[in-house]
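Comments concern the structure below.
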Amino acid sequence: MEYDFRAIEAQWKKYWNDNKVYKVTNESDKPKCYVLDMFPYPSGAGLHVGHPLGYIASDIYARYKRLSGYNVLHPMGFDAFGLPAEQYALETGQHPAVTTEKNIARYREQLDNIGFCYDWDREVRTSEPKYYKWTQWIFLQLFHSWYNRKENKAKPISELIGIFETEGNINHACPGDESLQFDAAAWKIYSEKEKRECLMQYRIAYQGYAQVWWCEALGTVLANDEVVNGVSERGSHPVERKNMRQWFLRITEFAERLIDSLDKLEWSDAMKEMQKNWIGKSNGAEVRFSLTAEQSGENSITVFTTRPDTIFGVDFMVLAPEHELVDAITTADQKQAIDEYKTYVKTRSERERMSEVKQVTGCFTGAYAIHPLTEKQVPVWISEYVLAGYGTGAIMGVPSGDERDHAFAKYFGIPITNIFGDRYNGEEAYSAKAGTIENSGFLNGMNIPDATDAAINALVKAGVGKKKVNYKLRDAGFSRQRYWGEPFPVMYVDDIPYGNDEPIIHNDHKLGSLPVELPYVESYKPGPEGQGPLANIADWVTTEAGQRETNTMPGYAGSSWYFLRYMDPGNETEFASRKATDYWNQVDLYIGGTEHAVGHLLYSRMWTKALHDLGHIGFDEPFKKLLNQGMIQGSSRFVYRETGTKKIVSAGLRRQFEVDAVRVDVSIVDGLELDIEAFKKWRPEYADSEFILEDGKYICGAEVEKMSKSKYNVVNPDDIVAQYGADTFRMYEMFLGPIDVSKPWDTKGIEGVHRFLKKMWRLYADDAKGWIVTDEKATDAELRILHKTIKKISEDIGRFSFNTSVSQFMICVNELSALGCHKREILEPLAVVICPFAPHIAEELWQKFGNNGTVVAASYPAYEERYVAENSKMYPVAVNGKTRAEMEFALDADQAAIEAAVLADENIVKWMEGKPLKKFIYVRGKMINVVV
RNA sequence: GCGGGCGUGGUGAAAUUGGUAGACACGCUAGACUUAGGAUCUAGUGCUGCGAGGCUUGGGGGUUCGAGUCCCUCCGCCCGCACCA
């Protein structure tokens, strides 16, 4: 009876599927465990061996938890809306729904091939109306709410209207426009339009204006990554910034909480750090500088600074070239220079600004600002090093304390005020945050924290500044001028946007119900004026109630809450019942790649907080533990062609020729040996190649790089599964190394794991004799091996060290084979222990033991210390730290007895070379060291 | 530049709390069985030396009876952010 993995795996896959073995219920007495994978975008290329790495790890964890008595939710679905499908539709005319469906079917087939324990009855697809109905519903909840900074939570907008009616906005500063102030009387006489516009400035999902990349030639708006080197990626057409009305999510209101609650998450430090950097909190002050009377009128410049303590060191001001005040304050004789500089800045792509070496540029506006404390006049400049999108788009230049300001002042010959005494040497800014402030009026002699407080107090007292926390985080753009995404449940009446669930839309027209289905289109061409394709469908856009919103939602809309839908996927009246979300609660383990470090994870956290604040779910963080899997890199193969000839030279001989390295498909190379016949057929140009061999073989060169189609190094899991089986594939992926580290794929190495499974099979069955398991009593040695393995595997799974688990299985099988063990007492529990890793073979063996039902329902065997406990140990005995002998002692032996025995040992005596004993170190259970 | 991580045989790696460095595999070498081997099994395999032994975890230094592990310093690689005020 051979290990016929093909027959075994096919049989059990069918059994699991037919009997819905992995179906999970929301009703259980068992403790719950939620194990989640980041769901994939189903691309046309299918899965390669790198993709399932995390899925295998989570599957092992889920199966282990299930064997350990948990009710485990382990679902899978598809992030099915997205740009590539739409792009493909534009090129081929095939509807994205059709290609997406096809790609999902292929993904599903590939996933099933690997033997995952997903409950497919819970599958979600973000592009299906029954799913995006609830994405739209959540959008409406965000639209109908505002962020109450006093209570630090999202609240219904109706509450805010009540507040406005009694007290205006006096206690609730407007996040969209800090200068907006009105009282109850003013609110009451606002028109409907004015009221709605005001509320819009508070809503969590709101409309504002933002710049997008507009491409005239393509007639469409482009995503950031579709713009390369300042031109469109497709066709290299010129692009320009265009201001468009867009939807946003007011994630900045959540910034503080998004930082604070990172503390309670079990995420890697790197991941938490990335989130913190992205949010980019900095403490400082906002300071208002008025301008001299001549050219300014009422204008003033507000800056943000993290160093208010350096206020006396201000020698100039810099505005971003895009700053709205630039034109107003520029003097007549500087106007031409400023216009020229602004034109120059427009030609600078972001890429240029990033990659170019530091070079100081800028232009004087002719205007002067008045220092709020000293009344000194300082010149106002513009420069590209000040970014419009950060802080207030304006800075105060403190050359003695900031490197960039210093370079700027030096370059343009602006006199530098020293506020650091000897620590500023005139050559380099003193930017360290240590020592005292000098030459600064009332701040003289203060250390930095004290000076910061004193400066802010003085600015507040003078009415020109305040303490301020600034965030790098921007509100999230939530509009896309695209077809293949969720339509907004929004209509415009008199150009005022209303949610479809509001009475004005809902009452008379029955248009309020969700979902707003994505209409079928014949053409995916963009609409007029940079609008999306939906704008072309006039009779969809225009309804009895109003004009529909023609933007669609971005890719992250559906993925920001999908983990909630899995809990209650069939629910037609709610996004998920409170009962279901209370039961499953947070995701206990979330596995995915680091590419979603900020986007997806930040948005999901925000949506969870908002839904929590509004009372829809009982937790405010979605993912308790996050594990990032490393990438599996490709191992490319090269052949070497002598330049300009048809000679293909083997790697070992290539130095003797002048050669070009050419990538060759890894599927026609065995290890490093090229299949010459297959190579000749691979490309017609190689059919008549001449080969220069070494030892009769053609040896390829190798290099580790990213796995990708263009490098011919993609390995398809289907091929590996066909050749070695899913169990071998699963274990080999884990055996490659730690889950969170990137490592290259090596198809050759899989043989070792495959041999291991065959060797394990031979413990249970013999090729000739068939099933050979006996009921003999196990020996102590056999029980020790088993229990050591039980212990090691559960410890390893607990710390996600799956590679060492696979090693332990190999050690276990090697040792049992050496002992000739074929005993049920050992082998039946072993089949359960390996089930999370190799479920098919485990299932087959379990059934052959005569068990009814599936091994999935078995219990992970209990570890018993008594089988593993030893009462003596072979100690390494060192002299001066170098191991010189091994001696066995009882674990409870006392030091005196050991010392006597060791010092009497002739080998030890020899190494002591007659020197006197200085110290005798004995660490029980570890080692012995004799110091002379 | 800032932040995070990493560096161990020919290769993937192990060493969980400072306690025998290189487990477990791949590859390689030799052998057994075989019509055959890309099956299976046995032995060997960090470097060096005939040997006893010596050396060895990117380089240098330190703490310690003892360091891959802790500290300092330098070098190299990877990831993230980047004229961030």
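Each chain gets a letter, A, B and so on, in the order its sequence line appears, and its residues count up from 1. Quick note: numbers below take in every heavy atom, side chains included, and nothing from hydrogens, waters or symmetry partners.
- A:Lys792 comes within contact range of at least one nucleobase, with a heavy-atom separation under 4.0 Å.
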Apply salt bridge (charged side-chain N to carboxylate O under 4.0 Å, His left out) to the pair A:Lys758 and A:Glu2, showing each step before the final yes or no.
-> CA-CA 8 Å; A:Lys758 283 195 282 190; A:Glu2 278 190 350; over 6 Å; no
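- Ring planes of A:Tyr3 and A:His754: tilted class, angle from 30 to 60°.
- Between A:Tyr430 and A:Phe420, the ring planes lie tilted relative to each other; the angle falls in the 30° to 60° range.
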N/O to N/O distances under 3.5 Å, protein versus nucleotides 63-66 of chain B:
{"unit_1": "B:C65", "atom_1": "O2'", "unit_2": "A:Asn929", "atom_2": "ND2", "d": "3.3"}
{"unit_1": "B:C65", "atom_1": "O2", "unit_2": "A:Asn929", "atom_2": "ND2", "d": "2.7"}

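- When distances run from any side-chain atom of A:Arg799 to the nucleotides B:A13, B:A85, B:U16, the shortest one goes to B:U16.
- Within the cation-pi definition used here (under 6.0 Å to the ring centroid, within 45° of the axis), A:Arg605 does not qualify as a partner of A:Trp278.
- Residues passing the side-chain contact (heavy atoms from CB on, under 4.5 Å) test with A:Glu906, sequence neighbours excluded: none.
- More than 12 non-hydrogen atoms from other residues, nucleotides or ligands lie less than 6.0 angstrom from NZ of A:Lys711.
- Each of B:G54, B:C83, B:A85 was ranked by its minimum atom distance to the side chain of A:Phe304; first place goes to B:A85.
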Sugar-phosphate atoms are those with a prime plus P, OP1 and OP2; base atoms are the rest. Using that split, label each nucleotide of nucleotides 26-47 of chain B B, S or - for protein heavy atoms under 4.0 Å, 5' to 3'.
-> SS-----------SSS------
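- Nearest nucleotide to the A:Trp911 side chain, out of B:G53, B:A14, B:C83: B:G53.
- In terms of position on RNA chain B, the residue among A:Thr361 and A:Ser807 whose nearest nucleotide sits closer to the 5' end is A:Ser807.
- Side chain of A:Glu273, nearest nucleotide from B:U16, B:G3, B:A13: B:G3.
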If pairs are Watson-Crick or G-U with both distances under 3.5 Å, what is the dot-bracket string of RNA chain B, marking crossing pairs with [ ] and pairs to another strand with |?
-> (((((((..(((......[....)))((((((.......))))))(((....)))..(((((..]....))))))))))))....
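- When heavy atoms are screened at a 4.0 angstrom cut-off, A:Gln808 is found touching no nucleic acid atom at all.
- In this view, A:Lys873 and A:Tyr875, A:Leu891 satisfy the side-chain contact (heavy atoms from CB on, under 4.5 Å) rule, not counting sequence neighbours.
- Sequence order on RNA chain B of the closest nucleotides to A:Ala270 and A:Ala394 puts A:Ala270 first from the 5' end.
- For A:Asp746, the side-chain hydrogen bond (donor to acceptor under 3.5 Å, both in side chains) test picks out no residue, with sequence neighbours left out.
- Of the listed nucleotides (B:G19, B:A85, B:C81), B:A85 has the atom at the smallest distance from the side chain of A:Arg404.
- The residue A:Lys743 sits close only to the backbone: its heavy atoms come under 4.0 Å of sugar-phosphate atoms, none of a base.
- For B:A25, one of the phosphate oxygens OP1 or OP2 lies less than 4.0 angstrom from a side-chain nitrogen or oxygen of A:Asn814.
- Across all strands shown, A:Arg884 has heavy atoms under 4.0 Å from sugar-phosphate atoms exclusively, and none from any base.
- The minimum heavy-atom distance between A:Thr392 and A:Phe304, with the atom names listed, is OG1-N, 3.5 Å.
- Contact annotation: A:Lys882 does not reach the phosphate of B:G19 (side-chain N/O to OP1 or OP2, under 4.0 Å).
- Counting non-hydrogen atoms of other residues, nucleotides and ligands closer than 6.0 Å to CD of A:Glu324 gives a total of 12 or fewer.
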